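Encoded as C-alpha cells, the structure appears first; notes follow it.
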Amino acid sequence: MTRKRYTQAINEALHEEMGRDPKTILFGEDVALAVFGDTRGLLDRFGPDRVRNTPICEATIAGMAVGAAAAGYRVIIHMLFSNFIYTGFDAIANQMAKLRLMTGGQIDLPITVLAVYGGGASQAAQHSDSNHPVLMNLGGIDVLVPATPGDAKGMLKTAIRNNRPSFFLQASGLGAVGGDVPDGEHLVPLGKASVAREGRDVTLVNVGSMIRATQNAAKKLAEAGIEAEIVDVRSLVPLDETTIVESVQRTGRLVVIDEARDMCSAASQIAAVVADKGFSALRAPIRRVTVNNVSMPYAPNAEAAIFPNADDIVRAATALCQPEVAAA
Amino acid sequence: MTRKRYTQAINEALHEEMGRDPKTILFGEDVALAVFGDTRGLLDRFGPDRVRNTPICEATIAGMAVGAAAAGYRVIIHMLFSNFIYTGFDAIANQMAKLRLMTGGQIDLPITVLAVYGGGASQAAQHSDSNHPVLMNLGGIDVLVPATPGDAKGMLKTAIRNNRPSFFLQASGLGAVGGDVPDGEHLVPLGKASVAREGRDVTLVNVGSMIRATQNAAKKLAEAGIEAEIVDVRSLVPLDETTIVESVQRTGRLVVIDEARDMCSAASQIAAVVADKGFSALRAPIRRVTVNNVSMPYAPNAEAAIFPNADDIVRAATALCQPEVAAA
Amino acid sequence: MASEAVTKGQAGPWADEQIELLERMLLIRHAEARLAQTAKDVGLPGGVHLSIGQEASAVGVCSCLDVDDWMTSTHRGHGHFLAKGGEVDSMFAEIWGKSSGICKGMGGSMHVADFSRGIIGANGIVGGGLAIATGAALAAQLDGKGRAAVCFFGDGAANQGVFMESMNVSSIWKLPTIFVCENNGLSEFTVSSTVTAGKLSDRARAFGMPVEVVDGNDVRAVRSAAKAAVERCRRGEGPSYIETVTYRIHGHLEAEDLILAGGSYRTAAEIDAWRAEDRDPVSRFRALLAEEGICGADRFAELDQRAKEKVDAAVTFAEAGEPADTKLVFELMFVEPKA
Amino acid sequence: MASEAVTKGQAGPWADEQIELLERMLLIRHAEARLAQTAKDVGLPGGVHLSIGQEASAVGVCSCLDVDDWMTSTHRGHGHFLAKGGEVDSMFAEIWGKSSGICKGMGGSMHVADFSRGIIGANGIVGGGLAIATGAALAAQLDGKGRAAVCFFGDGAANQGVFMESMNVSSIWKLPTIFVCENNGLSEFTVSSTVTAGKLSDRARAFGMPVEVVDGNDVRAVRSAAKAAVERCRRGEGPSYIETVTYRIHGHLEAEDLILAGGSYRTAAEIDAWRAEDRDPVSRFRALLAEEGICGADRFAELDQRAKEKVDAAVTFAEAGEPADTKLVFELMFVEPKA
Ligand SMILES: Cc1ncc(C[n+]2csc(CCOP(=O)(O)OP(=O)(O)O)c2C)c(N)n1
Ligand SMILES: Cc1ncc(C[n+]2csc(CCOP(=O)(O)OP(=O)(O)O)c2C)c(N)n1
Ligand SMILES: [Mg+2]
Ligand SMILES: [Mg+2]
C-alpha cells in the first residue's frame, strides 16, 4: 500500500495500461500538458503517435474513438469537463452505445472515456454537471464513479483492459484527495459495490463524489447513536444490486446520496431497485439526498446551498430512524 | 368533441398557436413537407419567414432556437426522431437548460421542441430511443409525453404559449391513433397527471407511448378480478407526484410502465418518489415494466421481445396482488 | 493500379476490369430494384432507402479499394456494401430481419456492415460516418500498412459540422481518409441548394485537401478520381475529397408517397431526365462498353441474367433464414435479461 | 458612421471618437489587471480568463454597434461585455458572486450577460455562442430593424463544427451575423496551428461570405472592418467574417501555473514580443493618438486615472454587495425547493 492522490492513481493506471499494450492510444484536447494532471507524462513516454492533442471538436473526438476502436485499437479519450460530453453526444449515444448491437456483434469497442464531473468550486452551470444518469440511460456503456484513489486506479485499469465502452468519471472535488493504493498490479472488478463502513441502523449508498459528505454524516450519526452502513456504489453500470439490497436487508433503511439532479438520478434508480427487490426488508421510506432539478449557480453561497452535504444526509437518516416516519 | 388523430391534433395546435401570435416561428429539417405530417400546411399559411426548412445541422438548429428565443421570439423547432436530439445536445443541455439561470433571469426561453420517440416499427437502434429520461435529468426543461390526441393538442398549446423551454415528445406508435379532442380553445395544464381508469387494487402509471399496452393490461386484469387504476402521467417535468401518490394510497400497489431503458428511467423516478412519499401505503414491492438496458434491435421478432407489452404488465400487477410477494 | 500501365483493349485485364465494374453495378441495381418491389408487394421491416441511379459512385470508388481498406456508409448504404464486396445473400437476410443476416438481424437496412471486408457500415445518423471513418483512418495510419478509409456521405450531410471537424483532423494528422460526397442534389425532401451556401468542394479546399468534382454517373471518372486519392493514402499523403455528382431516381425512402401525401419536392421531368439512357449510370456504361466492343448484347444479357439470379438466390436465402435470436440482444449489450 | 464623412483632426467628432475608443480599452485593461491582482491576492470564485492584449478587437468591433445590436461572447468575455457598454460595477459584482451582479451571482465570469444592452453573454462552452448568435440574427432579420448580431469566438472554437453550420445557415438566409474570430494563436494550452488545417478565413470564404483578416491589435483596422460588416447587416446583405489577429498576454486562466506544473506551451520571448509598446494594443494606440496630437500625456494621464477610479469603484461596489439569493435558483428554474 502506498498513499497517493486520486489524480496520481489515475495517472499511474494510464501509464501502466499504455505500457502494457502498444495498441492502446489516447487522445483529446490538451492531453499533452494535462489540464487535470491525469494524462501527464504520457506523451513523453509513448510518443506523438499514441498520445495526441486534438483540435476542439468533441463530436469528432468521440466519433473517432468509435472508428479507431472498431478498427482494432484500444482507445482512451479525454473529454475534460463532463459538460463537454454533450457536445460529442451523438457519437456517444447513437454510435458508441449502439454499434456493437447494430453490427450483430462483429466488433468490440474497447473505449474508455475520461471526464471530470461535479460542482463545488464555483465553476458555474456549464462546468459542474454530474451527468452520469444521462450516460446510464444510454445502455451499452459502463459508467464508473470511483470514490477513492485505490478504486480509481484499479477500476480504470480494468476498464481500459476490457472490451466494453466505459465512462470513467472523476469527481472534480476528489482529485487532490489521498488514499491507499495497493502496490503492484491492482485490478478492481467492475459492477461490485464496496461496503465502506458497517452499521446496523441505516444504509447510506454513496454515488461517487459525495463520499466525504457521506462519511462525515456517518460519523455524526454514530455520535447520535445511529450506526450507518456505507455502501460505496463505485460502478453504476453495471450496478451491484445485490450488495445494496443485502445491506438494506440488514438495516431496513436506505438513504441514497448522489450529486446528480434528482430527476432520473442514480439515486432514483437505486431507490427503485430497492423498492422492488428489497421491499420486504424496508422499515421506512427510501430517501434521496440529491441536487434539486436545477443547474449549479456560480456564487459560492448559492452553490453551497444547493450542494448536498453531511447535514442533509444526517437529517434524512435520522428521520428514517424515528418510528413515526415509517407510518407517515 | 371531435374525433381526431394524434398527428392531426398536433397539427391543429401548431396552426392555432402560430395564428395567435405572429412572433411564433418554426424551423427544422423538412418542416415544409412535414416528415411526420405534424407541420403540414404551416409554410403555406404563415410564409417562409416564419416557417423554415433548415439544413441538416441539429447542433445549430437547437442553438438558434436559444438565440432567437432570447432575442424575443417564441420558437418551435422540430428535431424529427428523438435520436437526433443527441446531435444537438450541447445547445440543449448546456445552453437551453441553463441560460435563464446563468443570466440571473434576464430572459425567458419560450421554446418548444418537437420530436418523435419510441420503437415498434423496426426502425432499429438509431431511430427508436425513448430518451425522455435524458431530458428529465437536465433540469430547467419541461418534458411532455401526452398519450391521447386531446392531451396532445391541449398540452402542446400550453407549452407553446408559456415561457419555458419544453420538449413535446410524440410517441411514434400513436401518430395514427384517434381520440376525442374538445372543440374550440383547448388548453391542458402541464404537471397534471390524469386518472384514465379508476380501480382499487393496483396503480398502473403509464408513461406516454405505453398507453395501449397499459389499457389492454387493465382489461385483462379486470377479467381476472383485479381492478387496476391507470394514472397517465402526461407530463414528466413537471411531475405530478401528488396524483400518483394519492392513487397508490388508494391501491397500495404500483407498477410503472415506461418504454425507456430501465436505468434512470421515468419509471425509476416515479418508483423512487413513491418509495419515499407513498411508502406507508405500499402493500407490495414497486415493479417497473421497462426496456432492459439495451438498444432496440431491428428484426421485428427481436424488437417485439424487448418491447414491454400488456402481458408483462399483467404479470407484474398480478404478482403484486399475491400475498406472498410482499413478503418476498 | 494507376502505376501499372494497363493497355486498353477488347480483351485482357483492362476489359476484365470494365466487365467487373459493370457486373457490380448490375448487381446493385437488381438488388435494389428487388427491394423496391418486395417493399411494395409484401413489405419489408423498417424503412428502405435505395441508391438506384447512384451505382457508379459506389462502384467507381470501391473498385479502387482492397478488402482491408475501411469504408463507412450512409442510410443509403446497400450499394456501398455490395460495391465493397459485401454479399447480397447476407445483406438481404439482414434486411429480412433474419439470424443469417450479416448483422444477425440486429441492424437492418440502415446498418449493414461487414468487418471482414472492411465495411464499417451504414449509418442511420446523417453525418454519423464522418468521424468514425476518420478514426478508422487513424487506426490505418498507426497500422502503417497503407490502408485507406473511405467515408461516403451525402450533400445533405455536408451541412453537418462534423464534416468540417473530420476534414480538419484528417488534414492536420495527414490521415488516409477519403471523403466521398455523393451529391444527388437532395436532402430528404429538401432541394439541397436551398439549404447549402457556396460550393461544397470549397469547404474541403479550405482544409488544404486535394479536391475532385466528377460526373458521378460516369463510373470511369469516379474510379480515376478515387484511384488517385487511394494512391495518396498509400503514400501517406493525407486525405482527399471527391464529389460525385449524381441523382437518386427513387424516393428518399420507399414509403415516400405515403409520407408526402400529395406534396412534392421535385418534378417528374427532373427524374426522367436523370433516368434517360444516356444519363443513367448503368445503361450509359453498358452502351459505352458495347461501343468499345468490350461487352456486346449477348455478353450483357448473360451478365444481367447472372446478377438477377444472384438476387433471386439472395431472396431465397433471406426467406429461408431463421428469425433473429432475441437473446443475442442481451448478450451483445452485456446485460443479463431481467427475469 | 462610415457613410458620414468624418474629418480627421485634433478636435471634433473624429477626435472624440478616438478618445472614446482609448477610454474603453483602458477600462478593460484596468478592470482585467485588477481581476488578475485580486485573483492572486485573495482569490476569486471559479476560473477567470483574461483578454489582456486583445482589447482592440473587442473595442474595435463593439464601437460599431448600437445598444440593441446583439452580441455573444466567449469564456474570455469581460472585454466584450465592457466594450458593448456593460457596466464594470455589475460585472465585478457578478464575478464576486453577489446579488448585485449583472446575473445576480448566478453566472459568474464565464457568463456575464446584459440583455438591456444586447449582450447575450459569455459562454463556458467553446463555440457555444455561434449558433446562439445566428438565432439572434434570425430574430434581427424578422424584426426588420437592421440590427446585427456579432459572435466573438476564438481560433480554437473555429475547429468546432457549429462554426461551419452557423456560417452556412447565416449565408443561405442572409442573416445579419458577424463572425468575429479572435485569432490569438492559442487554444488553451495548445498552439492552434498544430490542430488547425488551412486558413480559417478560407472556411468562411467557402460560404461565400465577405472576409477580412485584420491586425487585431490595431483598433482602427478592426473598427473599419467591423463598420463595413455592420453596414452590410443594416442593408440586409447577410453575414460577414472578420478575423482579428491578436494575442493573449496572460495565461489561459489565472490559475494556469498551478495547472501546468512546470509544463509550458509558449516562450517568455513570445509573450514579451507581444507585450512590446509598439505591439500592445493599448500603448500602441496611445502613442498614435499622442503623435496625432489627439491625446497628449496630460490628457492620457487623466483618462487613465479615470479608468482606474471606475475600477476602484467597481471593487467597492462588488465587495459591498449582498451574497447571492439562494432561493432565486429555484425560482429561475421553475422548481420547488425540496423541503
Ligand atoms: C442526424 C440526423 N438528422 C436527420 C436525419 C433524417 N434524414 C435522413 S436522410 C436525410 C437527408 C440526407 O441527405 P443526404 O446526406 O444528401 O443523403 P441522401 O439521402 O441524399 O443520400 C435526413 C435529413 C437523420 N437520419 N439523422
Ligand atoms: C466544448 C468545450 N470544449 C472544451 C473546453 C475547454 N476549453 C476552454 S477554453 C479552450 C480553448 C479555447 O480556445 P479559443 O477558442 O482560441 O479561445 P481563447 O481561449 O484563445 O480565447 C478550451 C479547449 C470548453 N470550455 N468547451
Ligand atoms: Mg443528398
Ligand atoms: Mg485562441
Side-chain angles (χ1 to χ4, degrees), chain A residues 58-59 83-84 86-90 92-95 97-98 101-102 124-126 129 131 133-134 136-140 236-237 239 256 260-280 282 284-288 291-295 297-298 326-328, chain B residues 58-59 83-84 86-90 92-95 97-98 101-102 124-126 129 131 133-134 136-140 236-237 239 256 260-280 282 284-288 291-295 297-298 326-328:
Chain A
E58 290 81 11
N83 285 68
F84 310 160
Y86 303 139
T87 318
F89 208 59
D90 173 69
I92 294 163
N94 275 327
Q95 315 293 346
K98 296 178 167 64
L101 176 78
M102 293 188 306
Q126 290 178 335
D129 269 5
N131 51 17
V134 163
M136 290 168 71
N137 185 253
L138 297 180
L236 292 165
V237 178
L239 181 65
V256 196
R261 276 180 284 275
D262 186 65
M263 274 284 183
C264 302
S265 57
S268 294
Q269 180 64 24
I270 291 165
V273 165
V274 173
D276 179 1
K277 300 185 179 167
F279 179 74
S280 61
L282 281 173
I286 301 173
R287 289 280 147 83
R288 310 181 305 283
V291 166
N292 256 287
N293 211 19
V294 299
S295 299
Y298 165 77
Chain B
E58 289 81 11
N83 285 68
F84 311 160
Y86 303 139
T87 319
F89 209 58
D90 173 68
I92 294 162
N94 276 325
Q95 316 293 345
K98 296 179 168 63
L101 176 78
M102 294 189 305
Q126 290 178 335
D129 269 5
N131 52 16
V134 163
M136 289 168 72
N137 184 253
L138 297 180
L236 292 166
V237 178
L239 181 66
V256 196
R261 276 180 284 275
D262 187 64
M263 274 284 182
C264 302
S265 57
S268 294
Q269 179 64 24
I270 290 165
V273 165
V274 173
D276 178 2
K277 299 185 179 167
F279 179 73
S280 61
L282 282 173
I286 301 173
R287 289 280 147 85
R288 308 182 306 284
V291 166
N292 258 287
N293 211 18
V294 299
S295 298
Y298 165 77

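Letters A, B, ... mirror the listed sequences (proteins, then strands); counts begin at 1. Because the structure is predicted, anything quoted here is derived from the model rather than measured.
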Exercise. Taking side chain to side chain contact (heavy atoms under 4.5 Å, CB included) as the test, write out the residues that go with A:A267, two or more places apart.
Key: A:V256, A:D258, A:S265, A:R288, A:T290
Exercise. Identify which part of B:L282 has an atom lying under 4.5 Å from any heavy atom of chain A, answering side chain, backbone, both or neither.
Key: both
Self-check item: Heavy-atom pair of closest approach, residues B:D276 and A:R287
Solution: OD1-NE, 2.7 Å
Exercise. Tell me, for B:L138 versus chain A, whether the close heavy atoms (under 4.5 Å) come from the side chain, the backbone, both or neither.
Key: both
Self-check item: Heavy-atom proximity to chain B below 4.5 Å, by part of A:V274
Solution: neither
Quiz item: With side chains defined as the heavy atoms from C-beta onward, is the minimum distance between B:M263 and A:L239 less than 4.5 Å?
Solution: yes
Quiz item: Side chain, backbone, both or neither: which part of B:A97 has a heavy atom under 4.5 Å from chain A?
Solution: backbone
Quiz item: B:A124 versus chain A, heavy atoms under 4.5 Å apart: side chain, backbone, both or neither?
Solution: neither
Exercise. Look at the rings of A:Y86 and B:F89 and say which category their plane angle falls in: under 30° parallel, 30 to 60° tilted, over 60° perpendicular.
Key: perpendicular
Quiz item: Do you know the tightest heavy-atom contact between B:A125 and A:K98?
Solution: O-CE, 3.0 Å
Practice problem: Between chain A and each of B:P297, B:A271, B:S295, count heavy-atom pairs under 4.5 Å; write down the option with the most. | Solution: B:S295
Quiz item: If you count heavy-atom pairs under 4.5 Å with chain B, which of A:C264, A:S268, A:G139 comes out on top?
Solution: A:C264
Exercise. Check for a donor-acceptor pair, side chain of B:N94 on one end and backbone N or O of A:N83 on the other, with a separation under 3.5 Å.
Key: yes
Practice problem: Quick one: do A:N293 and B:M136 satisfy side-chain contact (heavy atoms from CB on, under 4.5 Å)? Show the steps, please. | Solution: CA-CA 9 Å; A:N293 211 19; B:M136 289 168 72; over 6 Å; no
Quiz prompt | Top contributor to chain A interface from B:I286, B:N137, B:V294, B:D90 [non-hydrogen pairs under 4.5 Å] | solution = B:N137
